[in-house]
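Everything on this sheet refers to the single structure shown next.
Keep in mind the model is a prediction, meaning the values are calculated, not measured. Every number for a ligand or one of its atoms is a count from 1 in the order of the listing.
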Amino acid sequence: MKEMGSVWLIMVVGLVVMSTTTITTLAQTGGRRPVFFDVTTYGAMADGKTDNSMAFSKAWTKACEWKYGKSVVFIPKGTYMVNSVIFRGPCSGPITFIIKGVLKASTDPKLFFTDHWIGFQYVDGLVVKGGGYLDGQGPSAWPYNDCSTNPNCKPLPTTMRFDFVSNSRVHHLRSINSKNSHFNLFACTNMNMSHIRISAPEDSPNTDGIHIGDSSNINVARAHIATGDDCIAMVSGSRDIHISGVSCGPGHGISIGSLGKSKYVKETVTGVTIVNCTLTGTQNGVRIKTWAPSSPSIASDLTFQYILMEDVNNPIIIDQQYCPQPNCNSNAYNSEVQISNVTFKNIWGTSSSKVAVNIKCSGIAPCQNIKLVNINLSYNGLGGPAISSCSNVRGRSYGTQNPPGCL
Ligand SMILES: *[C@@H]1O[C@H](CO)[C@@H](O)[C@H](O)[C@H]1NC(C)=O
Ligand SMILES: *[C@@H]1O[C@H](CO)[C@@H](O)[C@H](O)[C@H]1NC(C)=O
Ligand SMILES: *[C@@H]1O[C@H](CO)[C@@H](O)[C@H](O)[C@H]1NC(C)=O
Ligand SMILES: *[C@@H]1O[C@H](CO)[C@@H](O)[C@H](O)[C@H]1NC(C)=O
């Protein structure tokens, strides 16, 4: 028996050594097979009650430290409660985060006032995918949102934040009922998002679909976004953003800005293309909004084309007197955001307000080089055809113009 025991021991040790060597060799020789870090191995429980943020963090830490090739954090099917959690890099190699299950955020008001629910920071080469759901449980938190009346309101958490993330992809994910924005990108470069489905009720406050700021080289393709605020918002520092194949509605439409809210910081958005999108029943279609008064800022090189508007309230709108807060007297001030080189091309469908094209620029920084090309928008209400309205605009129109152009 004694001898048998040591033979067994040798065999077991041998196996362990062999398998470790195999993994290491596999990984070092190109590592086609990524190594999985399943959250349930780290104590995650898909019971819909237990807070799994520690288990998720442990799986992330192990995966992020993995030096021998690709690693995967894996969340199997099931419903997981997760409190706020940040997945921080840099990691030792490319890392993938696969969400098959449903993640549910907290409904405890004590945990509401933070800027994120799930955050990724300082990661290069991240992939987030899996077809799973992010359920922000927004209805529990929306009553605490007083931002429409309180300029110093505390933020509710964004469902998924990416801060300082680069060369990454986010695809095949669903977000429902975020407490604040669904997705937020800050200081990101070279990121592609696709096949994202977003939903929240039309009256849910500040639930932007995808909010982008201080980021460049971002592609968003094939997304369905139904929400209470902007479908996609591009704010200060957005550069080279390409959006295609997105359908929006309900919500406030695709927005550049608002820009210039702070009176001191120069805010810039340049190089945005929006193509092949559909807006259905939204408050706005494609919009550029700037505060008045504002800091001297820039919005330029923006192209909106092949866009179908279905029953949209303000299909094409530039608003340089934006000031949604109470007690604002924006008409008394001018915006100093210079808008230039903007093309609206091949935009058709229906407007639910009479003014289908509304370009209201700044008296002290008139819009420059605005082009309207092949516009065909009809008013679907009573009281005559659609009209256009322009003030302080320099530009030209080409091709079909319905409503008749005002440039
Ligand atoms: C994003 O998509 C563009 C265009 O398809 C591609 O050139 C780029 O490499 C992609 N970036 C990542 C990080 O996948
Ligand atoms: C837009 O749609 C047209 C026609 O389907 C297609 O040829 C083009 O590649 C699309 N553009 C983008 C950027 O998706
Ligand atoms: C607008 O376009 C013109 C002509 O292509 C170019 O000279 C100018 O620099 C552009 N303006 C901005 C702010 O990019
Ligand atoms: C404009 O749209 C209307 C209705 O959708 C359509 O009947 C008409 O042919 C279009 N005009 C042009 C020039 O495309």
Is a donor on one side and an acceptor on the other found under 3.5 Å between the side chain of [X] and the backbone of [Y]?
{"X": "Asn392", "Y": "Cys367", "result": "no"}
{"X": "Asn334", "Y": "Gly363", "result": "yes"}
{"X": "Glu267", "Y": "Gly260", "result": "yes"}
{"X": "Asn374", "Y": "Thr400", "result": "yes"}
{"X": "Gln320", "Y": "Val337", "result": "yes"}
{"X": "Thr350", "Y": "Asp311", "result": "yes"}

Exercise. Find all atoms of ligand 4 within a distance of less than 4.0 Å from any non-hydrogen atom belonging to Thr400, and give their numbers and elements.
Key: 13 (C)
Practice problem: Just jot down the ligand 4 atoms closer than 4.0 angstrom to any heavy atom of Asn376, in number order. | Solution: 1 (C), 2 (O), 3 (C), 8 (C), 10 (C), 11 (N), 12 (C), 14 (O)
Quiz item: Distance below 4.0 Å between atom 9 (O) of ligand 2 and any protein heavy atom?
Solution: no
Quiz item: Do you see a protein non-hydrogen atom under 4.0 Å from atom 2 (O) of ligand 4?
Solution: yes
Exercise. Would you mind listing which atoms of ligand 1 come within a distance below 4.0 Å of any non-hydrogen atom of Asn167?
Key: 13 (C)
Quiz item: Which ligand 2 atoms are under 4.0 Å away from a heavy-atom of Ser244?
Solution: 13 (C), 14 (O)
Quiz item: Looking at Asn276, which atoms of ligand 2 are within less than 4.0 Å of one of its heavy atoms?
Solution: 1 (C), 2 (O), 3 (C), 8 (C), 10 (C), 11 (N), 12 (C), 14 (O)
Exercise. Identify whether the distance between the nearest side-chain nitrogen and carboxylate oxygen of Asp47 and Lys49 falls below 4.0 Å.
Key: no
Could you tell me the residue and atom name of the protein heavy atom closest to [atom], and the distance to it rounded to 0.1 Å?
{"atom": "atom 11 (N) of ligand 1", "value": "Asn192 ND2, 3.0 Å"}
{"atom": "atom 13 (C) of ligand 2", "value": "Val275 CG1, 3.5 Å"}
{"atom": "atom 4 (C) of ligand 1", "value": "Asn219 ND2, 4.0 Å"}

Quiz item: So is Ser168 polar-close to ligand 1, meaning N/O to N/O under 3.5 Å?
Solution: no
Quiz item: So, for Ile364 and Ser335, which heavy atoms are closest and what is the spacing to 0.1 Å?
Solution: CG1-O, 3.6 Å
